[in-house]
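Both ligands and their constituent atoms are indexed starting at 1 by order of listing. Computed from a predicted model, the values in this text were never measured in an experiment.
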Amino acid sequence: MAGWRDIYNGRICTAGEAVKGIKSGDTVAVGHACAEPRALTRAMSARYKELEDVKVFHRWGIGESLYVEPEMEAHFRHLSCFAGPKTRQAINEGRADFIPRYISQIPELFTQGQIPIDVALITVTPPDEHGFCSLGISVDYTMRAARSAQTVIAQVNANMPRTHGDTFLHVRDIDCFVLQNDPLFEIPRPAIGDVEKTMGGYIADLVEDGATLQMGIGAIPDAVLTFLTEKRNLGIHTEMFSDGVIELVESGVIDCSKKTLHPYKMVCAFVMGTRQLFKWVDDNPFVEMHPEEYVNNPLVIKENDNMISINSALQVDLLGQVAADSLGTVQFSGVGGQVDFIRGAKMSRGGKSIIALPSTAAKGTISRIVPMLTPGTAVTTTRNEVDYIVTEYGVAKLSGKSNRERFRELISIAHPDFRKDLAKDSVFSS
Ligand code: COA
């Protein structure tokens with residue numbers, strides 16, 4: 001049997017040669033977010049005139065997402081569970097398809113036959129001395145897509161950090177290697193304004209020493225982190241994290257010493273941020289990465305005592321129904337890990353879940369707390385599962401409260417300019 005070095009050298013090819021393996025009618029899975037293998041997605045997209053009806057599963061295209069360009073419509077059909085800045089328009093114009101799905105249940109789409117993957121396009125590190133390549137910053141659904149695909153094409157990128165955990169594929173598991181050291185896609189740190197800072201302070205008051213945190217996407221989780229500098233022994237079990245955690249780890253606030261699952265390890269499925277973050281996770285044994293069917297499984301999450309989930313929303317109605325991924329009929333993002341983590345936190349001993357949102361949108365002209373969700377909006381988190389809602393006007397604890405009590409709590413944290421109208425419009429106003 002050939003040694004791994006011979007196999008590796010024998011399978012090296014150009015991006016153009018590698019994507020020739022994609023045929024009309026295939027389903028292609030693309031590595032996630034900052035780990036998009038741009039040499040491969042570019043080469044695949046360049047072939048569009050030769051291909052028809054290729055389905056491209058790519059959960060969050062923050063890179064180029066060329067396959068959703070209008071001229072590619074008959075050639076590529078994008079499938080996703082999360083709309084992003086590059087793909088939102090195509091989804092909302094009907095040129096791409098949105099699949100509602102909890103993140104914990106995405107990998108089983110591939111393994112249980114609903115979306116069988118013909119070709120996986122992934123980014124990996126160069127092989128180590130044992131012939132293992134790391135998936136680096138994105139294990140998420142990418143590991144399961146690669147494990148279940150008929151053909152695996154990897155862009156070998158020396159800029160991809162080598163991460164620890166269930167992140168490794170052997171060169172024998174990969175069919176083609178395209179060597180190209182592109183810079184990874186980056187997401188800058190979000191701007192934190194006064195509203196986010198005020199909410200960050202309220203949320204920090206809900207976080208006790210020794211808690212394990214999940215943080216969603218956006219400015220609010222970053223703002224919270226800046227208020228946690230006086231806490232002790234915090235842990236992390238989260239779908240993703242960004243640059244904001246680095247300072248808290250370096251200062252010893254996050255040490256994971258009280259975690260009841262994977263103590264002394266930060267657990268995540270992907271990271272997303274700047275090159276500083278990518279450098280920090282490189283060969284860092286404190287960060288342990290696992291696929292999402294594990295990290296986001298509520299039954300796994302609940303094994304962390306004092307689990308606190310922190311997520312955001314677009315709109316909340318007076319019953320406490322949370323809209324975080326669509327507004328009216330417009331698909332804005334996706335459920336992400338929000339509900340997985342709310343469920344896990346609910347079952348965790350001492351756990352709590354927090355939805356934090358600014359009280360208004362559109363420069364203060366629209367209240368995000370509303371009597372009824374905009375018609376057409378999909379409920380992301382139901383009123384049965386919601387726990388704390390936080391705005392810059394305070395904290396509403398909804399779990400266990402009646403509809404009438406929720407109405408009062410939510411109006412008390414709405415922007416003062418809208419409180420009178422909210423009270424007037426509600427069925428509980430009498
Ligand atoms: N009415 C009208 N416009 C609204 C609105 C409302 N109720 N709520 C938000 N908007 C607008 C904002 O003004 C903003 O517009 P702008 O870009 O022109 O400024 C835009 O919609 C985005 O809102 P914002 O609150 O800034 O979004 P965000 O980047 O902080 O993300 C979510 C918030 C809810 C979209 C995001 O957290 C998400 O996708 N959540 C679902 C998934 C999830 O929770 N995952 C967690 C684990 S990964």
Cut-off 3.5 Å, side chains only: do [X] and [Y] have a donor facing an acceptor?
| X | Y | value |
| --- | --- | --- |
| Gln155 | Asp182 | yes |
| His32 | Asp140 | yes |
| Trp60 | Glu36 | no |

Tell me whether Asp282 contacts the main-chain N or O of Arg162 through its side chain, where contact means a donor paired with an acceptor under 3.5 Å. yes

Measure centre to centre between the rings of Tyr294 and His262, then say whether the value is under 6.0 Å.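 Yes; His262 has its ring centre under 6.0 Å from that of Tyr294.
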
Establish, yes or no, whether a centroid distance under 6.0 Å links the rings of Phe57 and Tyr141. yes

Could you name the protein residues that come within less than 4.0 Å of ligand 1, counting only heavy atoms, and order them by chain and residue number? Phe82, Gln214, Gly216, Ile217, Glu239, Asn311, Ser312, Ala313, Leu314, Ala324, Leu327, Phe332, Ser333, Gly334, Val335, Gly337, Gln338, Ala361, Ala362, Ile366, Arg368

